[in-house]
Amino acid sequence: MMRPYRPKDNVQKKSYYTDRFWVAPKIPKIDVKEDEVFASDTKKIKEKFDIKDAYIQRGQLVVEIDPKINKDLLFFLRDELEYDMLMELSAIDYLAQSGEFEIFYQLLSMSKRKRVRVKCRIKENEAIESVNSVFRSADWSEREMYDMFGIVVNNHPYLKRLLMPDDWVGYPLRKTYPLQGDEAAQWYEIDKIFGKEYREVVGPEMRDPAYINENDTNNFARYKHEVPKGAPADSEPIEIDSFNEDAPLVETFDLKKSKFVNRDR
Amino acid sequence: MAQHQVNYAASGGLPVALTTVDKIVNWGRTNSLWALTYGLACCAIEMMATGASRYDFDRFGVIFRASPRQADVMIVAGTLTKKHAEFIRRLYDQMAEPKWVISMGSCANTGGMFNTYATVQGVDRVIPVDLYLPGCAPRPETLQYAVMLLQKKLRKKTIFNRQKPKRLV
């Protein structure tokens, strides 16, 4: 089936156009032999480890490995190949596509001025070995990974939630987690401070601050149908036709009484 | 001892002013509203500016205190996260009565632009609020006006009633 062609040249609206068939461009994978340093590094890695794939993307070496050898490989990269800084460590949720998390370690070599990314994939209920003994900077990153994705890290010195409170339910950075929170998240502060029975007293969260209840005449007055405060919304409106907002306001100030004696439009 | 005794009747009246207890207590309360430093986000910068020399909150008797036990008014300046909600309630409970709350800025009023799982959608879900101050962030003049409005509100109160429990308590 062909879709009708609609020119999308309105720049103002461009960001609102959605194309269901749009596919994100893939970053080209370049062979490791293109770069001397990466070629020799990959050769040295392959001599010791059984890696799945190695290629260059955006000038960085990407090494895909089995999750079991992550610690050994990072030790090797740090000690033998001079990749001495762990810049970043996190995970990506691919549960919907393949039921897996992708965990990546971003390394930097100060002496070679090169960057390496080590990637591995684990299933949802699997755990990964901690690299805290290799790079101390992995400590909080692994805690954040546990906090946000629920990935258990083995042999971590202090595996505890980092950002969310300890009694939080769910893992917020998973794709299945709703942005405005699940039920436990929406009632979190009420449950914790007042107890669950107070949910009815406080009521659900107001997520739309522009929302106006037409029947609530205590807080709102409907334009051109102003009823007395608290009266039913469909009762007889008050006559307000003498008020002219555009007319100049004339005020008379009495100095002796030190107050306005007349205020009229 | 009595060399400088003043003859009140001769010098134009007794040094006595008559007033009501309400008026004199409210005069004292409204002119020394000590605020709890409750800066949570960028509104705190405006709150600090209000306290600093250019805007000079001290003119209104507002002195920022770092302890809830010395504070009369809590100015919630910034985004309240769900993780922190517990502590704002605890600090509010620790304040001695009478106590008041100013909710400063959009985030404290309604959650503001943070329509997410981690933000409390308005501090009035957790503590009772006396005065909502709109703006993102409100300018120091606005915060000063809010305090003046709170003073105006307090002047109408009678001191003989215990502060009525507000919503949520």
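Note that the structure is a prediction, hence the values are computed from the model and not measured. Within every chain, numbering begins at 1; the chains are lettered A, B, ... in the order of the sequence lines, protein sequences first and strands thereafter.
Listed by sequence position, the residues of residues 117-135 of chain A in contact with chain B number zero, using a 4.5 angstrom heavy-atom cutoff. Scanning residues 161-171 of chain A against chain B with a 4.5 Å non-hydrogen threshold yields L162(A), L163(A), M164(A), P165(A), W168(A), sorted by number.
Looking at I193(A), only its side chain comes within 4.5 Å of chain B, counting heavy atoms on both sides.
The number of heavy atoms from other shown groups lying within 6.0 Å of CD (E200(A)) does not exceed 12. Annotation for R136(A): atom CZ does not count as buried by contact number, only 12 or fewer foreign heavy atoms lying within 6.0 Å. Taking a 6.0 Å sphere around CH2 of W140(A), one finds it holds 12 or fewer heavy atoms contributed by other residues, nucleotides or ligands. Dense packing is recorded around CG of L149(B), with more than 12 heavy atoms of other residues, nucleotides or ligands lying under 6.0 Å away. Open room surrounds OH on Y145(B); 12 or fewer heavy atoms of other groups in view lie less than 6.0 Å from it.
E189(A) and V120(B) get closest at one heavy-atom pair: OE2-CG1, 3.7 Å.
With values rounded to the nearest 0.5 angstrom, T119(B) atom OG1 is found 10.5 Å from Q180(A) atom CD. One distance of note links OG1 of T116(B) with CZ of R207(A); it measures 6.5 Å at 0.5 Å rounding. In this structure, CZ in R125(B) is found 6.0 Å from CH2 in W187(A), a value given to the nearest 0.5 Å.
With chain A as partner, the option from N115(B), L80(B), T81(B) having the largest number of non-hydrogen pairs under 4.5 angstrom is N115(B).
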